[in-house]
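Please read these numbers as outputs of a predicted model, since none were measured by experiment. Naming: A, B, ... by sequence-line order, numbering from 1 per chain. When reading the values below, keep in mind they use all heavy atoms of this one structure, side chains included, and skip hydrogens, waters and symmetry mates.
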Number of protein chains: 2
Amino acid sequence: MVERAEISTAKDAADHELILAFGRLQGAANRLEYLLGRAIEQECGISHLMFEVLLILGRAGGQGLSMGAISQEQVLTTGGATRLVDRMEAAGLVERTGDPGDRRSRLVRLTPLGEQTAVRAARVHAENIERYFLEPLPAGDRKRFMEDLRILSHTARDRLPRLR
Amino acid sequence: MVERAEISTAKDAADHELILAFGRLQGAANRLEYLLGRAIEQECGISHLMFEVLLILGRAGGQGLSMGAISQEQVLTTGGATRLVDRMEAAGLVERTGDPGDRRSRLVRLTPLGEQTAVRAARVHAENIERYFLEPLPAGDRKRFMEDLRILSHTARDRLPRLR
DNA sequence: TAACAGAATCTGACTTGTCAGGTAATCCTG
DNA sequence: CAGGATTACCTGACAAGTCAGATTCTGTTA
């Protein structure tokens, strides 16, 4: 009846194995994210989150996106988005203009510098992904693995509650 | 020669696809981590990183681990480890004692409360992993997928430089 | 054994996120 | 159309990391 004894049941042993395997996944994901984020920071002078926002804005094009749309695409609260865009604006990567249709809202749009940076950072990022993520995988597994990830990422995304 | 034109090459299109696919992976990993971390916080009253450290210490057993060993197992600098263990000590989950063999070093060890919390949190965590991570995957794919992850996590781990 | 390089940890200053609570504009609804 | 609910964004207070440098101890070596 000592607490220690609990961890020796069969169920707990299976749990432990699951946690270990999943921990390796999380560890790998974190380390990869760290590595890729570092590369972008050093080679392009922008943070990982700034890079994400540059990509989002590049994909959106045209008028730009509202602050709310940006924070919803990221794992960021609205307050966090405000501060991130503040820094990006100070760095000359984006500009904020009022939305003519809704004076509460503000549209965020890439500057020419922001576009150049986005293109260059995307290239660097893709190279690093190939190098660190795909290369170590057995060649025959890559395609199937990417497909699994696609499925998984969608189901996970749909299940997870959004931030405010 | 306009910068915009660069993004329309075939290579850049492939890069873009790779970045998108990988972004989904990162997004899923982050959202899962967020979700699982939240569950642990709410149900067990400890942060995600505290949980990791509890598991590490539980696995180590015996004398406990030095601060350096803890920071190396985590994606944490030594300064960050100091502050995390400070909070865990204040919460009564661990205790720090001097290492008799090296007076610079300090050994961190689970308290009885820390052990109980580790066991309980591990159970909650395993349940949540199954619910959010494995369940959405097609049943036949789970085993193979876990194996891929195992391989990948090892290669990624080996390639990534350690923090200080 | 004195001196110095290196290791283990801690600390001050800072960064960048969260959270809760503003403020201004918009949308309903009687 | 007045007035309350809601929406969009921002801000002050705080949390929890990073980083560089200080402190204390160890081990080697001249």
Side-chain angles (χ1 to χ4, degrees), chain A residues 30-31 33-35 37-38 40-42 45-53 63-91 93-109 160-164, chain B residues 30-31 33-35 37-38 40-42 45-53 63-91 93-109 160-164:
Chain A
N30 285 338
R31 283 158 188 270
E33 182 160 19
Y34 175 81
L35 186 67
R38 264 306 178 79
I40 285 288
E41 268 180 58
Q42 290 180 349
I46 56 176
S47 76
H48 179 64
L49 281 181
M50 285 186 188
F51 173 57
E52 296 291 328
V53 172
Q63 303 287 321
L65 289 177
S66 69
M67 296 297 297
I70 290 172
S71 81
Q72 285 215 332
E73 293 240 21
Q74 285 304 116
V75 181
L76 257 187
T77 59
T78 64
T82 294
R83 282 168 177 154
L84 180 60
V85 172
D86 283 349
R87 291 193 296 277
M88 293 178 74
E89 198 172 17
L93 297 169
V94 301
E95 57 191 3
R96 262 190 273 221
T97 61
D99 180 343
D102 183 342
R103 265 182 300 172
R104 290 169 303 179
S105 185
R106 315 187 59 186
L107 292 175
V108 182
R109 194 170 37 189
L160 196 68
R162 300 268 166 189
L163 299 180
R164 285 176 316 116
Chain B
N30 285 338
R31 283 158 188 270
E33 182 160 17
Y34 175 82
L35 186 67
R38 265 306 179 80
I40 286 287
E41 269 180 59
Q42 290 179 349
I46 55 176
S47 77
H48 179 64
L49 281 181
M50 285 186 187
F51 173 56
E52 297 291 327
V53 173
Q63 303 286 321
L65 290 176
S66 69
M67 297 297 297
I70 289 172
S71 81
Q72 286 216 332
E73 293 241 22
Q74 286 304 117
V75 182
L76 257 187
T77 58
T78 63
T82 294
R83 282 168 177 152
L84 180 60
V85 172
D86 283 350
R87 291 192 296 278
M88 293 178 74
E89 198 172 17
L93 297 169
V94 301
E95 59 192 0
R96 261 190 273 223
T97 61
D99 179 344
D102 182 344
R103 264 183 302 174
R104 291 169 302 180
S105 185
R106 315 187 59 185
L107 293 174
V108 181
R109 194 171 36 190
L160 196 70
R162 301 269 168 187
L163 299 181
R164 287 175 315 117

Undergrad: Do Val53(B) and Leu49(B) come within less than 4.5 Å of each other through their side chains, counting heavy atoms only?
TA: no
Undergrad: So Val108(B) and Met67(B), do their side chains get closer than 4.5 Å, heavy atoms only?
TA: yes
Undergrad: Please identify each residue that fulfils salt bridge (charged side-chain N to carboxylate O under 4.0 Å, His left out) with Glu95(A), with sequence neighbours left out.
TA: Arg109(A)
Undergrad: So, do Glu73(B) and Ile70(B) sit near enough that their side-chain heavy atoms are less than 4.5 Å apart?
TA: no
Undergrad: Once you round it to whole Å, what is the distance between P of dA15(D) and CG of Asp86(B)?
TA: 15 Å
Undergrad: How long is the line joining CG of Leu65(B) and C1' of dT9(C), in whole Å?
TA: 15 Å
Undergrad: Can you name the residues that form a side chain to side chain contact (heavy atoms under 4.5 Å, CB included) with Gln63(B), not counting sequence neighbours?
TA: Leu107(B)
Undergrad: Apply side chain to side chain contact (heavy atoms under 4.5 Å, CB included) to Glu33(B) and list each qualifying residue two or more places apart in sequence or on a separate chain.
TA: Gln26(A), Asn30(A), His48(B)
Undergrad: Could you list the protein-to-nucleotides 15-17 of chain C atom pairs, N/O on both sides, closer than 3.5 Å?
TA:
{"residue": "dG17(C)", "atom": "OP2", "partner": "Arg87(A)", "partner atom": "NH1", "Å": "3.4"}
{"residue": "dG17(C)", "atom": "OP2", "partner": "Arg87(A)", "partner atom": "NH2", "Å": "2.1"}

Undergrad: Expressed in angstrom and rounded to an integer, what is the separation of His48(B) atom NE2 from dT18(C) atom P?
TA: 16 Å
Undergrad: Of the non-hydrogen atoms in Ile40(B) and Ser47(B), which two are nearest, and what is the gap between them?
TA: CG2-O, 4.5 Å
Undergrad: How many Å lie between CG on Leu107(B) and C1' on dT9(C), as a whole number?
TA: 13 Å
Undergrad: Please give me every residue in residues 94-106 of chain B whose heavy atoms get under 4.0 Å of an atom in DNA chain D, ordered by residue number.
TA: Asp102(B), Arg103(B), Arg104(B)
Undergrad: Return the value, rounded to whole Å, for the distance between atom CD of Glu89(A) and atom C1' of dC10(D).
TA: 13 Å
Undergrad: Take the protein atom CE of Met50(B) and the nucleotide atom P of dA15(D), then report the distance between them rounded to whole Å.
TA: 12 Å
Undergrad: Output all residues satisfying side chain to side chain contact (heavy atoms under 4.5 Å, CB included) with Arg106(A), sequence neighbours left out; order by chain, then residue number.
TA: Arg96(A)
